[in-house]
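Chain A is the first sequence line, chain B the second, and so forth, proteins listed ahead of strands; every chain is numbered from 1.
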Number of protein chains: 2
Amino acid sequence: MRGEALKGHLDLLLLAAVRARPAHGYAIIENLRLRSGGSLDLPEGTVYPVLHRLERAGFLRSRWSEASGRRRRTYEVTEEGLSELRARERDWREFSRAVEGVLVEAT
Amino acid sequence: MRGEALKGHLDLLLLAAVRARPAHGYAIIENLRLRSGGSLDLPEGTVYPVLHRLERAGFLRSRWSEASGRRRRTYEVTEEGLSELRARERDWREFSRAVEGVLVEAT
DNA sequence: TCATATACCTAGTGAAACTATGTATCAAGA
DNA sequence: TCTTGATACATAGTTTCACTAGGTATATGA
């Protein structure tokens with residue numbers, strides 16, 4: 001897939017991924033990659049700053065933990081994050097329908 | 001809809017719109033706006049530079065004409081543009097499926 | 001005559017995601 | 001033992017993309 005495809009939909013993806021499965025950053029990336037059959041393969045340098053921003057915005061909450069000697073920062077979606085996610089889902093549906101409409105359009 | 005939603009999908013949209021209906025820039029914008037029920041409302045400053053780039057890349061061909069005293073630059077999709085469009089459509093489907101997969105994902 | 005719609009254009013800006021790089025731990029294998 | 005790769009975090013700087021803001025010009029209706 002073209003790299004630029006996800007532009008503008010990254011918040012949606014990360015919020016949805018964490019809603020489905022609270023996890024730490026590295027695992028979120030793994031989950032997205034596996035769930036999408038490899039097509040959503042996000043660089044850490046893309047994901048971590050967005051997770052920080054979403055937490056600052058109050059949409060995610062994180063706590064540090066330790067697993068097999070390595071520290072992890074595990075995220076979950078807040079109440080506010082849930083309504084934000086629902087709003088973004090509506091946006092996605094609207095956008096997606098609009099694109100589909102143009103793609104199937106015959107003369 | 002959020003403004004940033006279309007990032008990375010603008011080439012797809014414009015190529016598809018012109019394939020469906022060869023038209024001049026202003027009309028392409030109108031068509032997209034009407035077809036999408038208003039949600040795809042692209043500024044001219046967004047669309048015109050992309051049309052120029054797509055023409056430079058060989059994906060669109062344009063010719064000048066005149067209608068009711070105003071000059072128009074009408075675009076159509078080239079052969080090369082058609083295969084580019086088909087590739088972009090595949091990318092879109094893949095991306096769209098991946099997003100849907102994450103959205104419906106339960107724990 | 002004055003605003004609005006039509007129709008084109010581009011320079012500069014801002015935001016978004018990426019590249020590159022760094023730190024640290026652990027397991028496996030040479 | 002030493003190195004490589006996977007796990008796990010972080011951020012500074014760059015690039016890319018769409019947008020804002022400004023410009024030109026013609027036609028139409030109030």
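We find the CZ-CG distance between B/Arg88 and B/Leu85 to be 9.5 Å, quoted to the nearest 0.5 Å.
For the segment residues 55-63 of chain B, the set of residues with a heavy atom within less than 4.0 Å of an atom of DNA chain C is empty. Near-neighbour residues of DNA chain D inside residues 64-73 of chain B, defined by a heavy atom below 4.0 Å, number-ordered: B/Ser68, B/Gly69, B/Arg70.
Remark: C1' of C/dA16 and CG of A/Leu51 are 15 Å apart, rounded to the nearest angstrom. Spacing between atom NE2 of B/His9 and atom C1' of C/dA16 amounts to 13 Å, rounded to whole angstrom units. When rounded to the nearest whole Å, the span between CD1 of B/Ile29 and P of C/dA5 equals 15 Å. Spacing between atom CG of A/Leu14 and atom C1' of C/dA17 amounts to 12 Å, rounded to whole angstrom units. For B/Leu42 and D/dA18, the CG to P distance is 10 Å, given to the nearest whole Å.
Partners of B/Ala27 according to the side-chain contact (heavy atoms from CB on, under 4.5 Å) rule, which considers only residues two or more places apart in sequence or in another chain, are B/Ala23, B/His24. Residues satisfying the side chain to side chain donor-acceptor pair (under 3.5 Å) criterion with A/Arg33, sequence neighbours excluded, are A/Glu30. In this structure, B/Glu80 has no salt bridge (charged side-chain N to carboxylate O under 4.0 Å, His left out) partners at least two apart in sequence or on a different chain. Listed by chain and residue number, B/Trp64 satisfy the side-chain contact (heavy atoms from CB on, under 4.5 Å) test with B/Arg71 (two or more places apart in sequence, or in another chain). When the salt bridge (charged side-chain N to carboxylate O under 4.0 Å, His left out) test is applied to A/Arg93, the partners found at least two apart in sequence or on another chain are B/Glu100.
For the helix from C/dT1-D/dA30 to C/dA30-D/dT1, the terminal axes (five pairs an end, C1' atoms, rotation from four pairs onto the next four) enclose an angle of 0°, given to 10 degrees.
Taking 4.5 Å as the limit, every side-chain heavy atom of A/Leu12 sits out of range of all side-chain heavy atoms of A/Asp91. The closest side-chain heavy-atom distance from A/Ser96 to B/Trp92 is below 4.5 Å.
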All N/O donor-acceptor pairs, side-chain side in residues 52-61 of chain A, below 3.5 Å, sequence neighbours left out:
{"from": "A/Arg53", "atom 1": "NH1", "to": "A/Asp11", "atom 2": "OD2", "distance (Å)": "3.1"}
{"from": "A/Arg53", "atom 1": "NH2", "to": "A/Asp11", "atom 2": "OD1", "distance (Å)": "2.8"}
{"from": "A/Glu55", "atom 1": "OE1", "to": "A/Ser62", "atom 2": "OG", "distance (Å)": "3.2"}
{"from": "A/Glu55", "atom 1": "OE1", "to": "A/Arg73", "atom 2": "NH2", "distance (Å)": "2.9"}
{"from": "A/Glu55", "atom 1": "OE2", "to": "A/Ser62", "atom 2": "N", "distance (Å)": "3.0"}
{"from": "A/Glu55", "atom 1": "OE2", "to": "A/Ser62", "atom 2": "OG", "distance (Å)": "2.9"}
{"from": "A/Arg61", "atom 1": "NE", "to": "A/Glu76", "atom 2": "OE2", "distance (Å)": "3.2"}

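Between A/Tyr48 and D/dA10 there is no side-chain polar atom (N or O) within less than 4.0 angstrom of OP1 or OP2. The phosphate of D/dT11 has OP1 or OP2 within less than 4.0 Å of a side-chain N or O from A/His52.
Closest approach of B/Ala17 and B/Leu32 over heavy atoms only: CB-CD2, 4.0 Å.
Sorted pairs that involve residues 39-50 of chain B and meet salt bridge (Lys or Arg N to Asp or Glu O under 4.0 Å), not counting sequence neighbours, are lacking altogether.
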